[in-house]
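Have a look at the structure below before the remarks.
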Amino acid sequence: MGAAAAAAAAGPGGGRCRADPCGLLCLLLTYLSVGYADYVILEHVLLQPGFRGSLWCPFHAVAFNLVVAMLLACHLRAVFADPGMVPLPETALDFSDLRSNTGTSSDTSHKSNQSNEDWTVCHRCETYRPPRAHHCQVCHRCVRRMDHHCPWINNCVGELNQKYFIQFLFYTGLASLYAMGLVLATWLWPADKSPAGKVDGAATEGGTSASRIHIAHRIILLVESIVFGLFVTVIFYDQLVSIITDKTPIEQLRHRLLKEARQEVSHTRKPKIALLREVFGRGFVICWFFPCNCSSPSPGGRPAYSYLPNYDV
Ligand SMILES: [Zn+2]
Ligand SMILES: [Zn+2]
């Protein structure tokens, strides 16, 4: 049982593909981008004529860094949280009967037995998995209510970390908007129009190269903010649609394929607020904005279930 041995080596909740080059590159890019944005805001926006010397300088410095701190906290939770990996059995399960029954099919890796409350069998993990769990090709594990594998968090987005992922998107969007606003403010209210700016402008007369560097950094930050801002807004919207329609992208695709095949798909329609609470927790709505477990969807943050359904093996 290769998968069981791998699970034992990975430990409980382990198995996430930490060594995925694409994921590691995206993590590095994320931290470099956030670090660069913070540097430009402090060094080339707030500490320059216009903001420098006014009370807005410390105010925006604290507020922007607060948003950045929340962004990083949510990102770290999304990266290191268990997305809801289906535990692997400690002892080998015998699926030889299922294999022989399905061996004629071209896809022998994933065969489901729909007769037992939609529990399925993953032959890659060599275990049973609960309804709505899917196998991730990058993590090499089945994940409960798997949404997708995200290289930006080098982890799957699943039942237990989707909240942190959406919070990360929210704070990234907020930071992008904030950075855009601050950069635009330096152009709308340039230094030479403010009393402090007149003094600084005279002092830096002739220092056009320094001014060009400031402008270059601001333009780069503006482009970065627009690109990342639009990117996270689209994903944030997709995530909300996925929650309130109670269908992950995988299930949406399956639904479309089944519809094309003219098969009826039955699903329970819950109220939107109930679906949102399943992801963000049942506590106060204010808790939805913090990467904490105080309003965890399930007690202890993990669903209690066995890896063995009521199969008659
Ligand atoms: Zn699997
Ligand atoms: Zn994954």
Test item: Y178 side-chain N/O and G173 main-chain N/O as donor-acceptor pair under 3.5 Å
no
Is Y237 linked to L275 within one hydrophobic cluster, defined over Ile, Leu, Val, Met, Phe, Trp and Tyr using a side-chain heavy-atom separation of less than 4.5 Å?
no
Looking only at non-hydrogen atoms, find the nearest pair between P151 and H149 and report the distance.
CD-O, 3.5 Å
Out of the candidates L182, D38, I226, I41, only one should pair with L221 under the side-chain contact (heavy atoms from CB on, under 4.5 Å) rule; please name it.
I41
On a heavy-atom basis, which atom in I153 and which in V79 lie closest, and how many Å separate them?
O-CG2, 3.4 Å
Mind checking whether F51 and W187 sit in one hydrophobic cluster, side chains of I, L, V, M, F, W, Y counted as touching below 4.5 Å?
yes
Rounded to the nearest 0.5 Å, the NZ atom of K270 sits from the CD1 atom of I244 at a distance of 14.5 Å
Y128 versus W119, closest heavy-atom pair with distance
CB-CE3, 3.9 Å
Give the minimum heavy-atom separation between L240 and L276, together with the two atoms involved.
CD2-CD2, 4.4 Å
Set out, in order, the CA-CA distance, both residues' side-chain angles and the distance that settles side chain to side chain contact (heavy atoms under 4.5 Å, CB included) for Q137 and R124, then state yes or no.
CA-CA 10 Å; Q137 307 278 3; R124 292 182 185 175; 2.7 Å; yes
Mind listing the closest non-hydrogen atom pair of E43 and Q48 along with its distance?
O-NE2, 2.9 Å
Please determine whether residues V157 and L76 belong to a single hydrophobic cluster, defined as Ile, Leu, Val, Met, Phe, Trp and Tyr linked transitively by side-chain heavy-atom distances below 4.5 Å.
yes
As an exercise, state the distance from NE2 of H148 to SG of C136, rounded to the nearest 0.5 Å.
10.5 Å
Hey, mind stepping through K163 and W288 against side chain to side chain contact (heavy atoms under 4.5 Å, CB included) and telling me if it holds?
CA-CA 8 Å; K163 169 184 167 178; W288 294 7; 5.9 Å; no
Are I243 and I166 side-chain neighbours, meaning at least one heavy-atom pair lies under 4.5 Å?
yes
Would you say M146 and P83 make side-chain contact, with heavy atoms under 4.5 Å?
no
Rounded distance (nearest 0.5 Å) linking atom CG of L222 with atom CZ of R218
11.5 Å
Considering only heavy atoms from C-beta outward, does the side chain of N161 approach that of F168 to under 4.5 Å?
no
Walk me through whether M70 and V67 qualify under side chain to side chain contact (heavy atoms under 4.5 Å, CB included).
CA-CA 5 Å; M70 290 300 290; V67 175; 5.8 Å; no
Drop me the distance from E278's CD to I273's CD1, to the nearest 0.5 angstrom.
11.5 Å
In terms of hydrophobic clusters joined by side-chain contacts under 4.5 Å, are L72 and L29 together?
yes
Inter-residue atom distance R129.CZ - C122.SG, 0.5 Å rounding
5.0 Å
Counting only heavy atoms not in L28, do more than 12 sit closer than 6.0 Å to its CG atom?
yes
Full working for side chain to side chain contact (heavy atoms under 4.5 Å, CB included) between F165 and D147
CA-CA 11 Å; F165 178 67; D147 194 89; 5.9 Å; no
Could you check whether any side-chain heavy atom of V279 comes within less than 4.5 Å of a side-chain heavy atom of E159, counting everything from C-beta outward?
no
Side-chain contact, heavy-atom cut-off 4.5 Å: P249 with S242?
yes
Cluster overlap I213 with L46, hydrophobic side-chain contacts below 4.5 Å:
no
State which residue, out of Y31, W152, Y164, fulfils the ring pair (Phe, Tyr, Trp, His ring centres under 6.0 Å) condition with H75.
Y31
Would you call D246 and R132 a salt bridge, taking side-chain N to carboxylate O under 4.0 Å as the test?
yes
Any side-chain heavy atom of R145 sitting closer than 4.5 Å to one from T248?
yes
How long is the gap from CG on L32 to CG on L25, to the nearest 0.5 Å?
9.5 Å
Close side-chain approach of L42 to N65, heavy-atom, < 4.5 Å
yes
Close side-chain approach of M85 and C142, heavy atoms under 4.5 Å:
no
Would you kindly say whether R77 and Q167 are connected by a side-chain donor-acceptor distance under 3.5 Å?
no
Under the ring pair (Phe, Tyr, Trp, His ring centres under 6.0 Å) test, residues paired with F228 that sit two or more places apart:
none
Can you name the residues that form a ring pair (Phe, Tyr, Trp, His ring centres under 6.0 Å) with H217, not counting sequence neighbours?
Y36, Y39, H44
Which pair of heavy atoms, one from V86 and one from V143, lies closest together, and at what distance?
CG2-N, 4.4 Å
